[in-house]
Amino acid sequence: LDPRLNDDLAAWDAAHFLHPTTHIANHAKGVVAGRIVTGGEGCTIVDRDGNRFLDGFAALYCVNAGYGRPEIADAIAKQAHELAFFHSFGGHGNEPAIRLAKMVMDRAPAHMSRVFFGLSGSDANETNVKLAWHYHILRGEPQRRKIISRWRAYHGSGIVSGSMTGLPGYHARMGLPLPGFLHTHTAHHLRRPQDDMDEAAYLDWLIAELEQMIETEGPDTIAAFAGEPAMGTGGIIPPPPGYWARVQEVLDRHGILLIADEVVTGFGRTGSMFGSDHFGLRPDFITVAKGLTSAYAPLSGSIISKRVMDVLLTGSEEHGLLAHGFTYSAHPVCAAAGIATLDLVDSQGLVANAGHVGTYFKEALHEALGGHPNVAEIRGEGLMLAVEFMADPGKREWFAPMTVVPKITAAMLARGVIARPLPEGNILGFAPPLCLTTAEADRMVATLTDAVTEVLG
Ligand code: PLP
């Protein structure tokens, strides 16, 4: 590239481009420059200066099939030439969207029925909330409006999905969460409210807290509970053993629907096709996005269970049109990307690879860092792994949020490896493309170990 163009690009970027989740003043001043990425292959990205980085987070845990896959790029180009777009309102359709709907439902848990397509994880969660409300309205319980989710959950950045999100940084100064969006405790033993609670006592406490909230609010005012089968952005936190079965029992008893947000866990990341299968959830709705197209094109899905669908179908006989849809719902070019992605997930054995390489990766992390005095926990499932750092894990003394891990990830970046500091804590996350090799996992672990030594000794 012409260095002049490089300079212009940086200047135009600072002057014209409002970046998502960015310190905008620092960016405008050039303090936070970011990388301008120009290419990638497998688990590696290349920036415009020719620097190569091993991407331990698949961008935002979304490029699951890896970078530079001609199969997906060609499918997108072919579809754009054939038919770039026609809408799917009023029962219209396009071939790739219909084929992809079938492929999604062939892979989804057996009790699920249909998929509604949107564009992002945020909008898919909002669709699921509206469909949960619609379900209760049709069944004669229109007062069931409240949504319960969990502190530290990430469900998106919209007004409703941002209200479901349980990270205070996403609520600050916005008046969020909206009234009627409630949060229970993060289901993580490290974050138990009392030091002396063992795992069994903590699980009892979590379930009692949920029951108490439902009783206090009134069971017949609550529409749905939303949760990530394994929490992602809030810290890559797998559920405590037995947690989902007990939550599900409480919800069923009170007629509350379950939304499983599988934007991260869907399509293989845990080593199973869906986190709901992996952790034994039986959701009424599943939210998917990211891995559905490996982020080659924006596409999300709200997957609906048979029991909810039966009510929606009967209700439609009585009430007619369901007025909910986005212009780009079921976009044919995005659907073509989805078909090519799911074909690759199958042909390359990416779900099994996430399981095998994930197990290898986690063991290597334990071996390298398990004995470090500031490592409180190494955890995760498949290829979503985290290392949490504390000042003194024995006494549960935390470092001030975002003080240590951002330095570690910066030291890793200087060595050519990307890991992600997860918000509002000191948690380092790995969620690489599902095509990761053991050699690449080794390099990530070695680089992390060097960075930890540099920052913490
Ligand atoms: N749900 C979960 C679990 C997520 O991790 C994310 C994004 O990271 C979202 C929803 C929101 O998806 P999007 O950014 O596509 O709106």
Side-chain angles (χ1 to χ4, degrees), residues 19-22 55 57-64 116-130 147-167 169-171 176-177 181 183 186-188 224-239 244 258-270 274-276 278-279 281 283 285-303 326 328-329 331 334 337-338 341 380-386 420-424 427 429-432:
H19 287 249
T21 309
T22 296
D55 183 3
F57 217 77
L60 293 172
Y61 23 41
C62 52
V63 188
N64 287 6
F116 171 95
F117 289 117
L119 273 301
S120 71
S122 301
D123 72 47
N125 273 323
E126 305 217 355
T127 293
N128 280 336
V129 167
K130 281 178 79 176
I147 305 291
I148 303 177
S149 54
R150 301 176 297 170
W151 288 116
R152 295 196 73 83
Y154 188 73
H155 295 297
S157 280
I159 307 286
V160 161
S161 58
S163 293
M164 296 162 77
T165 288
L167 290 160
Y170 285 81
H171 299 155
L176 299 182
F181 287 82
H183 296 86
T186 312
H188 188 197
F225 180 97
E228 301 148 271
M231 200 173 259
T233 302
I236 303 194
I237 304 170
W244 279 117
L258 174 60
I259 301 171
D261 183 343
E262 298 232 27
V263 167
V264 170
T265 53
F267 305 107
R269 185 155 290 286
T270 62
F274 282 90
S276 292
H278 197 88
F279 298 111
L281 288 74
F285 301 95
I286 298 178
T287 311
V288 293
K290 299 191 190 271
L292 175 56
T293 58
S294 279
Y296 278 66
L299 187 68
S300 65
S302 301
I303 305 176
F326 309 111
Y328 301 132
S329 280
H331 195 294
C334 306
T341 296
E381 201 74 16
L383 282 176
M384 51 189 299
L385 299 169
R420 192 162 177 82
L422 299 173
E424 303 182 21
I427 307 168
F430 284 112

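Both ligands and their constituent atoms are indexed starting at 1 by order of listing. Throughout, residue positions are numbered sequentially from 1 according to the sequence presented. It should be emphasised that the depicted structure is a prediction, and the values quoted were computed from it without experimental measurement.
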Item checked: Nearest protein heavy atom with distance in Å, relative to atom 15 (O) of ligand 1 -> G121 N, 2.9 Å

Next item on the list: For residues T341 and N64, determine if any side-chain heavy atom of one lies less than 4.5 Å from a side-chain heavy atom of the other.
Entry: no

Next item on the list: Could you grab the distance from atom CD1 of I236 to atom CD1 of I427, nearest 0.5 Å is fine?
Entry: 9.0 Å

Next item on the list: Can you pull out the closest protein heavy atom to atom 1 (N) of ligand 1? Residue, atom name and distance to 0.1 Å, please.
Entry: D261 OD2, 2.7 Å

Notebook entry, point to check: Quick check: does E228 get an N/O under 3.5 Å from an N/O on ligand 1?
Noted result: no

Check: Which atoms of ligand 1 have any heavy atom of N125 under 4.0 Å away?
Finding: 1 (N), 10 (C)

Margin query: Between H171 (side chain only) and G162 (backbone N and O only), is there a donor and an acceptor less than 3.5 Å apart?
Written below: yes

Next item on the list: Classify the angle between the aromatic ring planes of F116 and F326 as parallel (below 30°), tilted (30 to 60°) or perpendicular (above 60°).
Entry: perpendicular

Note to self: For atom 3 (C) of ligand 1, what is the closest protein heavy atom, and at what distance to 0.1 Å?
What the structure shows: Y154 O, 3.2 Å

Notebook entry, point to check: Are any of the N or O atoms of S122 closer than 3.5 Å to those of ligand 1?
Noted result: yes

Notebook entry, point to check: Which part of S120 is near ligand 1, with near meaning a heavy atom under 4.0 Å away: side chain, backbone, both or neither?
Noted result: both

Notebook entry, point to check: Does the side chain of T265 pick up a donor-acceptor pair with the side chain of E228 at under 3.5 Å?
Noted result: no

Next item on the list: If you have a sec, work out which protein heavy atom is nearest atom 5 (O) of ligand 1 and how many Å separate them, to one decimal?
Entry: V264 CG2, 3.3 Å

Check: Does K290 reach ligand 1, in the sense of a heavy atom lying below 4.0 Å from it?
Finding: yes

Item checked: Short side-chain to backbone donor-acceptor contact, S302 and T287, under 3.5 Å -> no

Item checked: Non-neighbouring partners of S300 that pass side-chain contact (heavy atoms from CB on, under 4.5 Å), sequence neighbours left out -> D123, A124, A289

Next item on the list: Check H155 against ligand 1 and report side chain, backbone, both or neither, counting heavy atoms closer than 4.0 Å.
Entry: backbone

Check: Which part of D123 is near ligand 1, with near meaning a heavy atom under 4.0 Å away: side chain, backbone, both or neither?
Finding: neither

Note to self: With a 6.0 Å cut-off (strictly less than), is the heavy-atom count around CD1 of I159, excluding the residue itself, greater than 12?
What the structure shows: no

Check: Does L60 come within less than 4.0 angstrom of ligand 1, counting non-hydrogen atoms of the residue?
Finding: no

